[in-house]
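All remarks here apply to the structure that follows.
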Amino acid sequence: YKVEIFLSALNFSEHDFVDIEYLVNNTNVFACLLFVPGREFGEDFFVNVICPVVDFQYTAALLTGVATRGEEKDAEEEGYVFLDADYSQIELRVLAHMSGDEKLIQAYKEAQDIHRHTASEVFHVPFDEVTDLQRRNAKAVNFGIVYGISSFGLSQDLSITRKEAAEYIERYFASYPTIKTFIDGLVSDAKEKGYSLTMYNRRREIPEIKSSNFMQRSFGERVAMNAPIQGTAADIIKLAMINVYNALRENNLKSRLILQVHDELLVETAENEIETVKQIMLDGMKNAVSLKVPLEVDLKEGKDWLEAH
């Protein structure tokens, strides 16, 4: 299937062609075109690429118009700037909500430094006495837990022994037993059903979790830990994306939502609409869903995408 793709965001002067059939047959990719309602052909639309091959996500970024030249993508016209908004620690906030862990929930409600809070819990030191090194280690553990990291993986990340890494993980779960119970439950559910679900019931098949091969089975267990959390975060940014897109249209603004990458939205914004668009982005993202913890958004402005990061 030849699909004509307009790549204006990459400064292509003519239409380019992407052979979707080739991608599917040669990279194990399912590609789905999602056209924005009400737009003429040749204007912006989104290409959503769902694939198990992680490296291909970078190729998929080309289809959504990501500027790859050092991220120094200029606004298309004079009188426009980029507004870039991304969620702060979205996966950890999702983990707090889905697990129901009261310590983590309270820390987020009080807007504490979550990595310093974890370091205080794990290393048994007062919050104000946590060292920078302890905070860095706790940060690695926090995000490692979300990704189902092993003691070996953590030891590599922190340049410590595997025994020390195992102790860090053990202390983390001792400090947050509700999270341990929640994660163990994700794995056992996936083993029973053969798949995991996000908070919004998006399904991820995990055949590896029933494999007789230890390495494949271990991989499946890590996916079972991670997919519901990271998948829910992905669901949330898509809902936020719809909110922002609809609000821009309802207010008849010239500014355009041009890109979504992971937990980040990028709007090419007319200079006389900056304050209005900022509020639309903050409202659309913070209120995309209702969780037990607040959703926080970092918003920056720049003449190019690099500056807006």
Side-chain angles (χ1 to χ4, degrees), residues 3-18 32-49 57-90 233-234 236-289 294-309:
V3 182
E4 197 170 19
I5 308 291
F6 190 71
L7 297 174
S8 60
L10 289 177
N11 293 324
F12 277 60
S13 58
E14 297 181 5
H15 292 92
D16 198 21
F17 292 89
V18 177
C32 175
L33 300 183
L34 300 177
F35 286 86
V36 178
R39 291 294 180 93
E40 297 294 329
F41 179 78
E43 293 190 62
D44 296 328
F45 61 83
F46 301 101
V47 181
N48 196 28
V49 179
Q57 292 173 14
Y58 295 99
T59 306
L62 292 173
L63 300 181
T64 53
V66 177
T68 57
R69 298 164 191 152
E71 293 185 348
E72 294 177 354
K73 168 71 184 74
D74 293 326
E76 287 292 318
E77 304 173 38
E78 290 296 325
Y80 283 78
V81 298
F82 281 141
L83 289 181
D84 183 280
D86 68 278
Y87 280 119
S88 171
Q89 301 174 349
I90 181 69
I236 291 171
I237 189 67
K238 291 299 192 296
L239 293 170
M241 184 181 181
I242 293 169
N243 287 348
V244 171
Y245 174 77
N246 286 341
L248 292 173
R249 287 176 64 85
E250 288 164 6
N251 285 274
N252 296 312
L253 300 180
K254 292 181 290 183
S255 303
R256 302 179 304 157
L257 174 63
I258 61 171
L259 187 64
Q260 175 260 319
V261 181
H262 302 302
D263 58 356
E264 173 185 354
L265 296 182
L266 189 71
V267 174
E268 190 174 53
T269 307
E271 289 181 342
N272 63 345
E273 297 174 351
I274 288 175
E275 294 308 314
T276 300
V277 174
K278 280 182 177 179
Q279 197 57 52
I280 284 174
M281 295 181 79
L282 290 173
D283 289 344
M285 293 178 73
K286 287 186 174 184
N287 300 315
V289 296
L295 289 174
E296 295 298 332
V297 177
D298 296 323
L299 182 59
K300 295 180 182 178
E301 175 185 336
K303 280 291 185 182
D304 57 49
W305 191 20
L306 183 65
E307 185 181 315
H309 268 168

- Go through the structure and list residues passing side chain to side chain contact (heavy atoms under 4.5 Å, CB included) with Leu239, not counting sequence neighbours.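 Side chain to side chain contact (heavy atoms under 4.5 Å, CB included) list for Leu239, sorted by chain: Tyr200, Ala288, Val289.
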
- Message: Under the rule for side chain to side chain contact (heavy atoms under 4.5 Å, CB included), what residues qualify as partners of Asp283, not counting sequence neighbours?
- Response: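 In terms of side chain to side chain contact (heavy atoms under 4.5 Å, CB included), with neighbours along the sequence ignored, Asp283 is linked to Gln279, Asn287.
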
- Contacts of type salt bridge (charged side-chain N to carboxylate O under 4.0 Å, His left out), residue Lys278, not counting sequence neighbours: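 For Lys278, the residues satisfying salt bridge (charged side-chain N to carboxylate O under 4.0 Å, His left out) (neighbours in sequence not counted) are Glu275, Glu301.
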
- Query: Who are the salt bridge (charged side-chain N to carboxylate O under 4.0 Å, His left out) partners of Glu250, not counting sequence neighbours?
  - Reply: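 For Glu250 there are no salt bridge (charged side-chain N to carboxylate O under 4.0 Å, His left out) partners, ignoring immediate neighbours.
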
- Message: So does Leu306 get a backbone contact from the side chain of Asp304, meaning a donor-acceptor N/O pair under 3.5 Å?
- Response: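 Indeed, once roles are kept as given, a pair shorter than 3.5 Å links the two residues.
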
Over all atoms of both residues, closest heavy-atom pair of [X] and [Y]:
| X | Y | value |
| --- | --- | --- |
| Gln260 | Ile237 | NE2-CG2, 3.7 Å |
| Gly284 | Val244 | CA-CG2, 4.3 Å |
| Tyr87 | Lys286 | OH-N, 4.4 Å |
| Leu266 | Leu257 | O-CD1, 3.5 Å |
| Asp84 | Ala308 | CB-O, 3.4 Å |

Quick check: do [X] and [Y] have side-chain heavy atoms less than 4.5 Å from each other?
| X | Y | result |
| --- | --- | --- |
| Tyr80 | Glu271 | no |
| Ile280 | Val267 | no |
| Leu248 | Arg256 | no |
| Met285 | Ile236 | no |

With sequence neighbours left out, what residues match [X] under side chain to side chain donor-acceptor pair (under 3.5 Å)?
| X | answer |
| --- | --- |
| Glu273 | Ser255 |
| Asp298 | none |
| Glu296 | none |

- Determine, stepwise, if the pair Glu268 / Phe82 fulfils side chain to side chain contact (heavy atoms under 4.5 Å, CB included). CA-CA 5 Å; Glu268 190 174 53; Phe82 281 141; 4.0 Å; yes

- Let me know which of Val277, Asn272, Thr269 forms a side chain to side chain contact (heavy atoms under 4.5 Å, CB included) with Lys254.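 The passing option is Asn272.
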
